[in-house]
Protein chains: 2
Amino acid sequence: MKSPSQPRDRGIPEATVARLPLYLRALHGMAERGVATVSSEDLAVAAGVNSAKLRKDLSHLGSYGTRGVGYDVEYLVYQISRELGLTQDWAVAIVGVGNLGRALANYGGFVSRGFRIAAVVDADPEVVGDTIAGLNVEHIDDLEAVIKRRGVSIVVLATPAAAAQEVCDRVVTAGVTSILNFAPVVLSVPDGVDVRKVDLSIELQILAFHEQRKAGGPLMAVDSQ
Amino acid sequence: MKSPSQPRDRGIPEATVARLPLYLRALHGMAERGVATVSSEDLAVAAGVNSAKLRKDLSHLGSYGTRGVGYDVEYLVYQISRELGLTQDWAVAIVGVGNLGRALANYGGFVSRGFRIAAVVDADPEVVGDTIAGLNVEHIDDLEAVIKRRGVSIVVLATPAAAAQEVCDRVVTAGVTSILNFAPVVLSVPDGVDVRKVDLSIELQILAFHEQRKAGGPLMAVDSQ
DNA sequence: CCGACTTTGTGCACCGGTTCACAAAGGGAT
DNA sequence: ATCCCTTTGTGAACCGGTGCACAAAGTCGG
């Protein structure tokens, strides 16, 4: 392998960032199966995307491929991991220990690489003190202290909708700038804070829309993964 | 209220469809608070979008606003519901009763409007026969029969990654064309089948990427909801 | 009935992202 | 060393979506 060119473009398109984890997952699978080298075509199929798009995505990280051969799997895993920041350890706090919060805390693949659940917090005195996924459930009153003490930098909101904005405001004030929100509300946050939303109900409604179309007219809307 | 123009454009942009549920949620809140009429500006704020975008979105359903006044809340709720297909009842099956499947089955807001959990299925003899969210857990062997008997048209996959593709193939063969996939795999499906993916691990990785950026350089990536 | 005011609906320019298609680069065989 | 084959990296056209800015349409007070 020759001297790798630096990742030059510091501004990676958002759409590319969203696909890097997909490539990473496919690459991990290949690495485990002992594959040493992969072409953009094969990796694209494994990740469910177009090969030109994959190449353009990877080109944003630098020139890590070899023409006529493809990409070195191990090396690419490392480069993508580094780019995504997975070579460091992220402390995640889950706020809200309902059914969903509990499921998230116990969900293994979630913690897999780079992420560690560092705290679980709830408001209900009934569950505070319980042990979930090996962690003691702490009281919401101590939210700021817990965040500081455990070095939490990413917060997962799994509270009821009514509580989400208030909790959000508090974690932002406590210095958190990355939030994964499962509550069905539009959070308002200051600039510089990233919020990503996962909304089951919205996904279902989008499916229903297309399902209705299929049943109704001869116009067929199609897959989109 | 004057005679409403027909929804003319049968091809609603995907980006618009993805936002309609957001508008609908905001409108429901307003209806409950007794608001009769809302301007595009106010609704846009409530839904967290730009008002011009909101107007353009709504214009795809037809001309339901009144210039100088705004939109009739109740009427708009009805129009959007109808467009999304929420005026009918959708039978949903959840396959996989791990932590996540259980959480989904019990998640109230999920079933709220238009959707009804009609079946819960798993492969583990340990949980088959249990009652979850008032439903008897059925065996995966009976998957096709259950889908047919209960009229299931949307399937939620909450199985381990290794099982997802096989279950997917079976439900597609059984006639299901709308799938919400929580398993961390790229499903391959025939044309005409809609798959939507929810992937916690990917969301976290995207957050980590931006978080790393913030910590690292002076370039700040921002919010995106 | 009129004029001032509000708010919608949309034409248009712009932008990020996708896809095609191909030149450039490298590997391997002879 | 040369030629052929494979595969990358990218220029350029294209496409869907966004946001501005404004004319058209309607309300309401006088």
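Chain naming here is simple, since letters A, B, ... match the order of the sequence lines and numbering starts at 1 in each.
For A/Ser178 and B/Glu211, the side-chain atoms include at least one donor-acceptor pair closer than 3.5 Å.
Counted within 6.0 Å of CD on B/Glu74, heavy atoms from surrounding residues, nucleotides or ligands total 12 or fewer; the atom is thus considered open.
Across the protein-nucleic acid pair, A/Leu43 atom CG and D/dG9 atom P stand 12 Å apart, rounded to whole Å. One atom, CD of B/Glu41, and another, C1' of C/dC5, lie 17 Å apart when rounded to the nearest Å. Distance, B/His60 NE2 to C/dT10 P: 9 Å, rounded to whole Å. One interatomic measurement links the two molecules: OH of B/Tyr23 to P of C/dT8, which rounds to 13 Å at whole-angstrom precision. Rounded to a whole Å, the CG atom of B/Asp57 is 12 Å from the P atom of C/dG9. One atom, CG of A/Leu54, and another, C1' of D/dT10, lie 14 Å apart when rounded to the nearest Å. Rounded to whole Å, atom P of C/dT8 lies 9 Å from atom CG of B/Leu58. We find that CZ of B/Arg55 is positioned 15 Å from P of D/dA23, with the value rounded to whole Å.
Distance check, rounded to the nearest 0.5 Å: OH of A/Tyr64 to CD1 of A/Ile80 gives 10.0 Å.
By the 4.0 Å N-to-carboxylate-O rule, B/Arg213 lies too far from A/Asp194 to be salt-bridged with it.
Residue A/Tyr71 places none of its side-chain N or O atoms closer than 4.0 Å to OP1 or OP2 of C/dG26. Here A/Ser40 does not reach the OP1 or OP2 of D/dT7: none of its side-chain N or O atoms lies under 4.0 Å away. For the pair B/Asn50 and D/dG17, the criterion of a side-chain N or O lying under 4.0 Å from OP1 or OP2 is not met. For C/dT7, the OP1/OP2 oxygens have no side-chain nitrogen or oxygen of B/Ser39 closer than 4.0 Å.
When every heavy atom of B/Glu83 is checked against every heavy atom of B/Leu61, the shortest pair comes out as CG-CD2, 3.7 Å. The nearest pair of heavy atoms linking A/Ser81 to A/Leu24 is OG-CD1, 3.7 Å. Shown here for B/Val92 and B/Phe115, the closest heavy-atom pair between the two residues is CG2-CD2, 4.1 Å.
You won't find any donor-acceptor pair under 3.5 Å spanning the side chain of B/Lys56 and the base of D/dG17, going by distance alone.
Between A/Thr16 and B/Arg67, the residue anchored nearer the 5' end of DNA chain C, judged by the nucleotide with its closest heavy atom, is B/Arg67. For A/Ala52 and A/Ala15, each mapped to the nucleotide of DNA chain C holding its nearest heavy atom, the one lying further toward the 5' end belongs to A/Ala15.
When the local axes at the two ends of the helix from C/dC1-D/dG30 to C/dT30-D/dA1 are compared, using 5 base pairs at each end, they differ in direction by 10° after rounding to 10°.
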